[in-house]
Amino acid sequence: MSDPASEPAGPRVGLFVTCLVDLIRPSVGFAAVKLLEDAGCVVEVPAAQTCCGQPAYNSGDRSNAVAIARQVVDAFSEFDHVVAPSGSCAGMIRTHYPSLLGDDPEYGAKAKSVAAKTYELVSFLTDVMGVERVSARFYGAVTYHDSCAGLRELGVKQQPRRLLATVTGLTVQEMSEPEVCCGFGGTFSVKYPDVSNAIVEKKVADIASARAPLLLAGDLGCLMNMAGKLRREGRHVSARHVAEVLAGMTDTAPIAQGEPVTNPGAKR
Amino acid sequence: MQSTAHAFKGNAARALEDRQLQEALANVPKGFVGKRAEARARLPEFDALRDQARDLKNHVLANLDLYLEEYERKVFEVGGKVHWAASAGDAREIVLSICREAGAKTVVKGKSMITEEIGLNDHLEGAGIEPIETDLGEYLIQIRGEAPSHIIAPAVHLTKEQVEADFRRLHRDLPEDRRLEEVDELVAEARSVLRDKFLAADVGITGANMLIAETGSSVIVTNEGNGDLSQTLAKVHIVVASLEKVVPTLEDACTILRILARSATGQECSTYTTFSTGPRRAGDPDGPEAYHVVLLDNGRSELLGTDFREVLRCIRCGACMNHCPVYQAVGGHAYGWVYPGPIGSVLTPSLIGVEEAGPLPNASTFCGRCEAVCPMRIPLPGLMRKWRELEFEKVPPPFAQRFALKSWAWFARHPRLYQFASGLVIPVVARMAGKKGAFNKLPFGNGWTRHRDFPAPQGRTFHQQWRNQKRRRARS
Ligand code: SF4
């Protein structure tokens, strides 16, 4: 761990933006940059990145998954840490790259070393950088969904709640089953849309029962699924990535909502 | 059983429309999930026991031949007989010939998934022998002509009202004012009908939760006691079990028993845990005159040398399906063959082929909850992914899907072009959404937008904006 006081610069962090944040919601990426810089990291964003390869890997297309994994490994080897604002993409790199590339004579060792230094954003802040509080304000109640890969592959559970508790004005109101899957599952939501819908239907009912006007989570895929359903059902719950709130960057419209900003809790 | 696993999608769609089924399925999370969590919390060494059980079963699988031979020897010593059945057909024939030798007209059955797997009931009926299911759930689905929809709660897809209606239809002598509203009233009614059948049956057939090599015993756990009656009242007891059920010692059996019921129903242990060792000995007050074990392989030994050997640790507790969001949404019948839920999604392609069962390992969000609760620590999502890989090689996906995946992968492998193209397309898409912030219809995303809106991109991509920022920083 680095101590900003005794070193000229903090650790060099390669930000793995993730494809969804890059395309759909860049504000999450900028929130991540801010949080990392506030924690004393030097953030770089390698240009040679697209996606972690999960769509191929989870479709059984191993050869494309391997090719994409190699590309990520090449792009991120040089950093002290690799951080992604997503439990699912960080989990892919951290827990699955070693098995994808482990036997590769050229990439095996490199893949394992990249895997070992890859983290989900919020748990990186707390567990590696020792961040105990953030300086953001957000006036209102939120509820938090534990995305599956972050929770079960990486053990992300208390870290976001700990930091959210330090946001001025914010309270967390738990839904009854925050650990139950939202039904997104990447390509699953496209291959089995009806089953996926049945799952997210139950999820949004549980979200609504928390009686908080804002839903937070650490994975944009799940958030898009839940926000899309909340909006279709006309429920008065907005959705944001947790990084936006922790970074105090909530002046953008919530996910799946247009301007003007209708976030009832946001006051600056 | 004729598989409809290939038609999972259609099966699932029907299940989602079925009101009664949906009402019944609501009991799955209510009934099982919380109880397992409480049972786990009450036993501090629960997770350590899971490790122990996993290691134990791995050891057995690595030495399966030795333990099976020891088991066979012991069964012989206590006066029983082991029959080796390579296939489902072999197993059916062996059971039938034992029944014929015993001159059986009726057989009573304890709950057994293996006899479902080999399609035993139909086979016996075809030969003029009446099989009678004695587990309440199995009895219910037998009178309805259905297959089990859950491995430990075969009739979990039925509501109490459906059961009551069936009883009133079939149990003719039932007085009209007889109450049949609570579960115990239903159990009592089934019992009263079954009692005579137990006494009249010539052969009792049960499965086995475990086979113990050291003693030659078979073990069953039940909550109704029906299995015990099935195996002690009839002249002949036939155990039908698959070969991976063997464990070395009584002690080992107890290790597994400690996590089995807790994982299944949240009980410390099931109401009845029964060990049977051979036929009745001189001086025994009861027990069968003959004791047979039919050991089924049916493709399992071929899994031993593969990645899929891990599913052979399964103790059929049902926790994986109880916690599965897909199972909770569509129920067990949608999976189209004997074993539903995550374990079915891994096991079914192994037993009947991935060509037939390909949709099952795909029908998972990979949320990982099954693996998180599996007492035997079977990496179910990882094994489903293995099936997806094998399927991808063997049965290429439909053209449109392949084309989408291939073009996406090509771009993903060429970051410069990817960023160039997404930099062109994404801002246009964002403008198309205008101020709405979401699409309620997409040209290629009908499956998604039929049920939910699709969030619109904010505007320019992250990489575009980042590049510009860097340039600006460099200039200033
Ligand atoms: S796979 Fe695991 S959780 Fe599922 S039935 Fe088997 S032992 Fe139980």
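A, B, ... follow the sequence lines: proteins, then strands. Residue 1 opens every chain. As the structure is a prediction and not an experimental result, all values here were calculated from the model.
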### Query
Highest number of heavy-atom pairs under 4.5 Å with chain A: which of B:Lys386, B:His414, B:Gln469?
B:Gln469
### Query
Checking heavy atoms, do the side chain of B:Trp387, its backbone, both or neither come under 4.5 Å from chain A?
neither
### Task
Tell me, out of A:Arg25, A:Glu179, A:Glu177, who's got the most heavy-atom pairs with chain B below 4.5 Å.
A:Arg25
### Message
For chain B, which candidate among A:Leu230, A:Ile255, A:Asn225 shows the most heavy-atom pairs at distances under 4.5 Å?
### Response
A:Asn225
### Query
Using a cut-off of under 4.5 Å for heavy-atom pairs, which of A:Ala198, A:Gly186, A:Ala67 has the most such pairs with chain B?
A:Ala67
### Query
A:Ala56 versus chain B, heavy atoms under 4.5 Å apart: side chain, backbone, both or neither?
both
### Query
Of the backbone (N, CA, C, O) and the side chain (C-beta and beyond), which part of A:Val45 lies under 4.5 Å from a heavy atom of chain B, both, or neither?
both
#### Entry: Region of A:Leu220 in contact with chain B, defined by heavy-atom distances below 4.5 Å
neither
### Summary
Heaviest contributor of heavy-atom pairs below 4.5 Å to chain B, chosen from A:Leu151, A:Ile199, A:Val33, A:Ile68, is A:Ile199
### Task
Please check if any side-chain donor atom of A:Gln54 sits under 3.5 Å from a side-chain acceptor atom of A:His96, or the reverse.
no
### Query
Checking A:Arg152 against chain B: side chain, backbone, both or neither under 4.5 Å from a heavy atom?
side chain
#### Entry: Verdict with supporting geometry, A:Val190 and B:Gln401, side chain to side chain contact (heavy atoms under 4.5 Å, CB included)
CA-CA 10 Å; A:Val190 181; B:Gln401 212 174 305; over 6 Å; no
### Task
Consider only side-chain N and O atoms of B:Arg452 and A:Asn197, and report whether a donor and an acceptor are under 3.5 Å apart.
no
### Query
What class does the angle between the rings of A:Phe79 and A:Phe76 fall in, given that below 30° is parallel, 30 to 60° is tilted and above 60° is perpendicular?
tilted
### Task
Please state whether the side chain, the backbone, both or neither of A:Gln49 comes within less than 4.5 Å of a heavy atom of chain B.
both
### Task
Indicate yes or no: at least one non-hydrogen side-chain atom of A:Val245 is less than 4.5 angstrom from one of A:Leu216.
yes
#### Entry: Neighbour count above 12 (heavy atom, 6.0 Å) for B:Lys35 NZ
no
### Query
Considering only heavy atoms, which portion of B:Glu391 lies under 4.5 Å from any heavy atom of chain A: side chain, backbone, both, or neither?
neither
### Task
Mind ranking B:Gln458, B:Gln419, B:Glu393 by heavy-atom pairs under 4.5 Å with chain A and telling me who comes out on top?
B:Gln458
### Message
A:Val43 and side-chain contact (heavy atoms from CB on, under 4.5 Å): which single residue from A:Val83, A:Leu15, A:Leu35 fits?
### Response
A:Leu15
### Message
Can you tell me how the ring of B:Trp448 sits relative to the ring of B:Phe454, calling it parallel under 30°, perpendicular over 60° and tilted otherwise?
### Response
perpendicular
### Task
Sort B:Ala372 into side chain, backbone, both or neither according to what part of it lies under 4.5 angstrom from a heavy atom of chain A.
side chain
#### Entry: Cation over ring face, B:Arg385 and B:Phe366, 6.0 Å, 45°
yes
### Centroid-centroid under 6.0 Å between B:Phe8 and A:Tyr192 rings
yes
#### Entry: Part of B:Ala363 within contact of chain A (heavy atom distance under 4.5 Å)
both
### Summary
Scored by heavy-atom pairs under 4.5 Å with chain A, the best of B:Val330, B:Val425, B:Asn362 is B:Asn362
### Query
Given a strict heavy-atom distance threshold of 4.5 Å, which part of B:Val326 is in contact with chain A: side chain, backbone, both, or neither?
both
### Task
Against chain B, work out which of A:Gly185, A:Ala47, A:Gly60, A:Cys51 has the most heavy-atom pairs shorter than 4.5 Å and name it.
A:Gly60
### Message
Under a 3.5 Å cutoff, is there a donor and acceptor pairing between the side chains of A:Asp74 and A:Tyr107?
### Response
yes
### Task
Let me know if A:Lys203 has heavy atoms under 4.5 Å from chain B in its side chain, its backbone, both or neither.
neither
### Residue A:Ser196 versus chain B: region with a heavy atom under 4.5 Å
both
#### Entry: Choice from B:Gln22, B:Arg369, B:Glu371, B:Gln465 maximising heavy atom contacts with chain A below 4.5 Å
B:Arg369
### Query
Can you tell which of A:Glu233, A:Glu153, A:Glu201, A:Lys229 has the highest number of heavy-atom pairs within less than 4.5 Å of chain B?
A:Lys229
### Query
Side chain, backbone, both or neither: which part of B:Pro359 has an atom under 4.5 Å from a heavy atom of chain A?
both
### Query
Quick one: are B:Arg450 and A:Asp194 in side-chain contact, heavy atoms under 4.5 Å?
yes
## Note on the structure
Highest number of heavy-atom pairs under 4.5 Å with chain A among B:Cys367, B:Pro457, B:Gly447, B:Ala438 belongs to B:Cys367
### Message
Hydrogens and angles aside, do B:Ser422 and A:Asp22 bring a side-chain donor and acceptor to less than 3.5 Å of each other?
### Response
no
### Message
Test side chain to side chain contact (heavy atoms under 4.5 Å, CB included) on B:Asn322 and B:Arg36; report intermediate values, then the result.
### Response
CA-CA 10 Å; B:Asn322 294 339; B:Arg36 174 200 171 267; over 6 Å; no
### Heavy-atom side-chain contact between A:Glu244 and A:Phe30 under 4.5 Å
no
### Query
Tell me, side chain or backbone of A:Ser27 under 4.5 Å from chain B's heavy atoms, or both, or neither?
both
### Summary
Ranked by heavy-atom pairs below 4.5 Å to chain A, first place among B:Ser364, B:Gly434, B:Gly368, B:Ala409 goes to B:Ser364
